[in-house]
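Each chain gets a letter, A, B and so on, in the order its sequence line appears, and its residues count up from 1.
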Amino acid sequence: MPEPFAVKDCAIIAIATGKKAWTCRELLDTLRAIDGDSIYYHFWGGLMQPRFEEREYNNDFAGWAAHSLNDAPLAERMAMVDPTAYADIEALRQELVELVEERMDEAEGLQWARALAPFGFIRSQIVVFDTGRRLDSAGDLAAAVPNFSAGSIFYHFIDARRRSPAHVDDFRYWLAEFGDSCLTGIERLAAIDPYFQTLTELRLQIAEALQEEACT
Amino acid sequence: MTPGLLERYAQVVGEDVIDQLRQLSRPLAGLKLVHVNSTRVGGGVAEILDKLVPLTAELGIDVSWEVITGGAEFYQCTKSMHNALQGATANIPDRLLEAYEATNVENAERLRGLLEEADVVFIHDPQPAPLLSLCPNRKGKWIWRCHIDASRPFRPVWKYLSRFVAGFDASIFSLAAFAQPLPHPQYLIPPSIDPLSEKNVDLTDDEIQAVRRRFQIDPDRPMVAQISRFDRFKDPVGVIRAYRMAKHYVPGLQLVLAGGGATDDPEGDAVLAEVNAAAQDDPDCHVLLLPPDAHRTINALQRAADLVIQKSTKEGFGLTVTEALWKGKPVIGGDAGGIRLQVLNDHTGYLVSTPEGAALRIRYLLRQPRRIESMGWKAREFVRDNFLLTRQLREYLTLAVALRHGAGERIELG
């Protein structure tokens, strides 16, 4: 029998790094040097910060390239970067750097094009706390998820991808310990795209994925 | 039994949000936390603290709210500092700076014991900033909370102020764009509104109607309102110009410009005189100077309006925008500061840069009642998710925990 699922919660707070980029060159230079935490924040932190409706792009770099730099090719390429596909934040940083360099080689005008607004690099601190709740079975998890806080959803479904070696969420990781009996639930969870929804919407989708025959 | 504050908030924001606050406050139990600002009534800071403090206390944290007081020269100085942080050229005479420092020395005498013993001290805005250096035996963490749009400060004044601010353990700005180079972490926390305050609670139609009658506002004709202090950065004269332009196309249009004074704002009277002069004797242009406790009246005026305007040219955050959005009103807002974070073109309202732009959006929206309704619904949900007091309290608690556990990116509590 697997260990009980420990329900944790978290809160994130944003910190200005003071670093700004007005041009592609400045973005490139800062991307090379900025703390990995900041890169992480610009991919995932937005889920825990005020924003409106669904995100058009899955990371802030792509959004800035589209709306402030007005360079659609760079925005589109950056938007397709999936942070979970990289072994670590350094590999992700390298991918971003290469995308910017490649685009600057393609479009000479980007060497001096100035954005309408600067890209402000932000990093974050995350405070994780144990709620004390323990869940023994997949059924318990399915019943509990609708009442999870947005912070718990972020911690177990988003932040987990950075923590676990296989880059999977905590729910799938735990359900896998039940052997093949929860394959349906695991597949359903894997099919959820975490990028373009609010945490409240994600909670609903996760709850649905864990209902009805998720485990046999 | 009357439900506690936390239970009442749970009814608005959900039980999960309140549970999270309880969990987050546990490691802070027994902590002594103090907020210091310069006015108990009037202005957004006092309004936030008025509810944030009791809510924090209900979570089991020992919290108090102290107010520094000073004479006319002190407020004249701090008003100039406020304007200078927002970018206005303000050469503050030495006489006023001396009054500023002397006032802080006087207040430090009164508050030193409390502040030096506190575990976490939040100093709000420039007024009490020198208190830090006047409490040399402080044992806690001190945080400077800047509520002002300091994105392009008048440099000589910022240089003077940064002497007092640099020594803090951290500062908080409402937006990344407002942050200034400082030798400590600069946290980003937008402010919030209190859904249970007199200014934001639901009102009956009768109460709204009574306020209309009191100010001779015709319920059968459209009305737009700007609620804010009489301050040049709020551009009240520009709002009157926009109203006049729009009235050519919407002849029945009425305008309400309503605001209270704040004890720390000595320029209000002069600006009010300019506004009255601009309004002339137009019976459809209602300029209302309201007492600082007229919260329900302001609430009713916002609800009575078809649209709300906040045509600021500089704005720290713009809590009046948040209040209007919470009441389901699209907002025509100046393209400045925190208004940009709240007013999203075609979703919650429109950003404008000129009186002409405001007039255009007034004309457009008043011809589109369905649009007003759908934008209003989105606006309320947007505030529920992002800008209620509980979110701000969560971030303050997170910050307090973070400061007590070092600068690491990840803090795991037991």
query = Would you call A:Arg203 and B:Asp16 a salt bridge, taking side-chain N to carboxylate O under 4.0 Å as the test?
reply = yes
query = Between B:Gln20 and A:Asp9, does any side-chain donor sit less than 3.5 Å from a side-chain acceptor?
reply = yes
inquiry  = Looking at chain B, which one of A:Ser152, A:Gly18, A:Pro118, A:Ser149 has the largest number of heavy-atom pairs inside 4.5 Å, strictly under?
reply    = A:Ser149
query = Which distance, rounded to the nearest 0.5 Å, do you find between the CZ of B:Arg384 and the OG1 of A:Thr200?
reply = 11.0 Å
task = Please tell me if the side chains of A:Gln125 and B:Tyr187 come closer than 4.5 Å, counting only heavy atoms from C-beta onward.
result = yes
key: Residue part contacting chain B, namely of A:Phe148, when any heavy atom lies under 4.5 Å   = backbone
query = Does NZ in B:Lys327 sit with more than 12 non-hydrogen atoms of other residues, nucleotides or ligands closer than 6.0 Å?
reply = yes
inquiry  = Would you say that A:Ile12 contacts B:Thr398 through its side chain, given a criterion of any heavy-atom pair below 4.5 Å between the two side chains?
reply    = no
query = Measuring heavy-atom distances to chain A, does B:Leu182 have an atom under 4.5 Å in its side chain, in its backbone, in both, or in neither?
reply = neither
query = Are the charged groups of A:Asp159 and B:Arg410 less than 4.0 angstrom apart, N to O?
reply = yes
request  = Rounded to the nearest 0.5 Å, what's the gap from SG on A:Cys10 to CG on B:Leu413? Could you check?
outcome  = 11.0 Å
query = Near A:Tyr86 OH, under 6.0 Å, is it more than 12 heavy atoms from other residues, nucleotides or ligands?
reply = yes
task = Could you tell me whether the side chain of A:Ile13 reaches within less than 4.5 Å of the side chain of B:Arg394, counting heavy atoms only?
result = no
message = As an exercise: rank B:Pro181, B:Gly408, B:Ala176, B:Pro27 by heavy-atom pairs under 4.5 Å with chain A and give me the winner.
response = B:Gly408
key: Neighbour count >12 (heavy atoms, 6.0 Å) for atom NZ, B:Lys51   = yes
query = Using 4.0 Å as the upper bound for N to carboxylate O, is an ion pair formed by A:Arg162 and B:Glu409?
reply = yes
task = State whether the number of non-hydrogen atoms from other residues, nucleotides or ligands found under 6.0 Å of B:Glu373 atom CD is greater than 12.
result = no
task = Answer yes or no: does atom CZ of B:Arg163 have more than 12 heavy-atom neighbours from other residues, nucleotides or ligands under 6.0 Å?
result = yes
task = For B:Leu24 and A:Val127, run side chain to side chain contact (heavy atoms under 4.5 Å, CB included): C-alpha distance rounded to whole Å, both residues' side-chain angles, the deciding distance at 0.1 Å, then the answer.
result = CA-CA 9 Å; B:Leu24 199 49; A:Val127 174; 4.2 Å; yes
note = Separation between CZ (B:Arg26) and OG1 (A:Thr131), nearest 0.5 Å, reads 9.0 Å
key: Under 4.5 Å from any heavy atom of chain A - which part of B:Val401   = side chain
task = Quick one: which of A:Val128, A:Asp37, A:Asp35 has the most heavy-atom pairs under 4.5 Å with chain B, could you say?
result = A:Val128
key: Atom CZ of B:Arg155 with >12 non-hydrogen neighbours under 6.0 angstrom   = yes
